[in-house]
Amino acid sequence: MTAVLRRLAPPSLNQQLRAAPAMTRPLMLDIIDQACRRFPSRGRSERSAHITRLVDAEAWTDAALALIELELPLWQVRRIAYDEGEWHCALSRERELPDWLDAAVEARHADLALALLSAFIEVQALAVEVSRPSVPTVRPAPDPLYQPVACENFS
């Protein structure tokens with residue numbers, strides 16, 4: 001049941017982020033509660049304590065960057081740009097690749113922290129959809145009626 005709820009959580013969080021005019025403490029706590037798997041709920045690590053201090057200080061952008069670093073260790077901020085009243089943020093696993101080869105996840109919002117967290121939620125949603133099994137998958141056996149046919153004429 002919780003796996004089903006977790007699959008539904010990222011889209012609703014994304015809608016909340018798009019609709020929010022600015023970051024608030026309740027919204028940040030919702031994000032931590034619903035989308036963060038590595039953020040300890042019981043025992044507090046040094047990194048989670050640092051994020052909690054940033055949230056308490058309402059340092060939203062720094063908190064968003066710290067959450068990305070904690071929750072998505074294989075992802076990095078590829079680009080942050082401000083254009084026509086909106087922040088455009090891109091997260092990538094291969095930051096050193098050219099733009100046209102990279103499969104970056106992009107998001108935009110008028111608020112920088114909300115743009116970063118929107119990209120974060122998109123990556124989290126992708127991770128839920130494309131979860132890799134711990135055991136390699138085996139290709140299904142070919143159809144028993146399938147027979148390869150050679151169509152070349154070597155005469």
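Keep in mind that the numbers below use all heavy atoms, side chains included, and drop hydrogens, waters and symmetry copies.
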**Q** Below 4.5 Å, heavy atoms only, C-beta onward: do L117 and L13 meet side chain to side chain?
**A** no

**Q** So do the side chains of M23 and I31 get within less than 4.5 Å of each other, counting heavy atoms only?
**A** yes

**Q** Which heavy atom of A113 sits nearest to which heavy atom of A64, and what is that distance?
**A** O-CB, 4.2 Å

**Q** Working to the nearest 0.5 Å, report the span between CD of Q16 and CD1 of I121.
**A** 9.5 Å

**Q** Could you tell me the separation between the CG atom of L116 and the CG atom of L65, rounded to the nearest 0.5 Å?
**A**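 Interatomic distance, L116 CG to L65 CG, rounded to 0.5 Å: 5.0 Å.
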
**Q** Ignoring hydrogens and angles, write down the donor-acceptor pairs under 3.5 Å from the side chains of residues 79-91, residues two or more places apart or on other chains.
**A**
unit_1: R79; atom_1: NH2; unit_2: E106; atom_2: OE1; d: 3.4
unit_1: R79; atom_1: NH2; unit_2: E106; atom_2: OE2; d: 3.0
unit_1: E86; atom_1: OE1; unit_2: R108; atom_2: NH1; d: 2.8

**Q** Using side chain to side chain donor-acceptor pair (under 3.5 Å) as the criterion, list what pairs up with S92, not counting sequence neighbours.
**A** D102

**Q** Using atom types as modelled and distance alone, determine if a side-chain donor or acceptor of E71 lies under 3.5 Å from a backbone N or O of R38.
**A** yes

**Q** Quick check: do W60 and V55 have side-chain heavy atoms less than 4.5 Å from each other?
**A** yes

**Q** State yes or no: do L54 and F120 share one hydrophobic cluster built from I, L, V, M, F, W and Y residues joined by side-chain heavy-atom distances below 4.5 Å, directly or via other members?
**A**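 No, it is not one cluster - the side chains of L54 and F120 are not joined through contacts under 4.5 Å.
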
**Q** Look at R47 together with E69 and state whether they make a salt bridge at an N to O cut-off of under 4.0 Å.
**A**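 Salt bridge flag = yes for E69 with R47.
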
**Q** Any luck finding a side-chain donor-acceptor pair between R93 and Q76 under 3.5 Å?
**A** no

**Q** Quick check: do E58 and T24 have side-chain heavy atoms less than 4.5 Å from each other?
**A**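 They are not in side-chain contact.
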
**Q** Please say yes or no: joined through hydrophobic side-chain contacts below 4.5 Å, possibly via intermediate residues, are V105 and L70 part of one cluster?
**A** yes

**Q** Quick one: are D111 and P21 in side-chain contact, heavy atoms under 4.5 Å?
**A**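 The answer is no; the side chains never approach within 4.5 Å.
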
**Q** Identify the heavy atoms of A66 and H50 that sit nearest to each other, and give their distance.
**A** CB-CD2, 4.4 Å

**Q** Could you tell me if the side chain of L27 sits less than 4.5 Å from the side chain of L114, heavy atoms only?
**A** yes

**Q** Check whether any side-chain heavy atom of E94 sits under 4.5 Å from a side-chain heavy atom of R78, and report yes or no.
**A** no

**Q** Could you report the tightest heavy-atom contact between H109 and L17, atom names first, then the distance?
**A**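 Result for this residue pair: NE2-O, 3.1 Å.
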
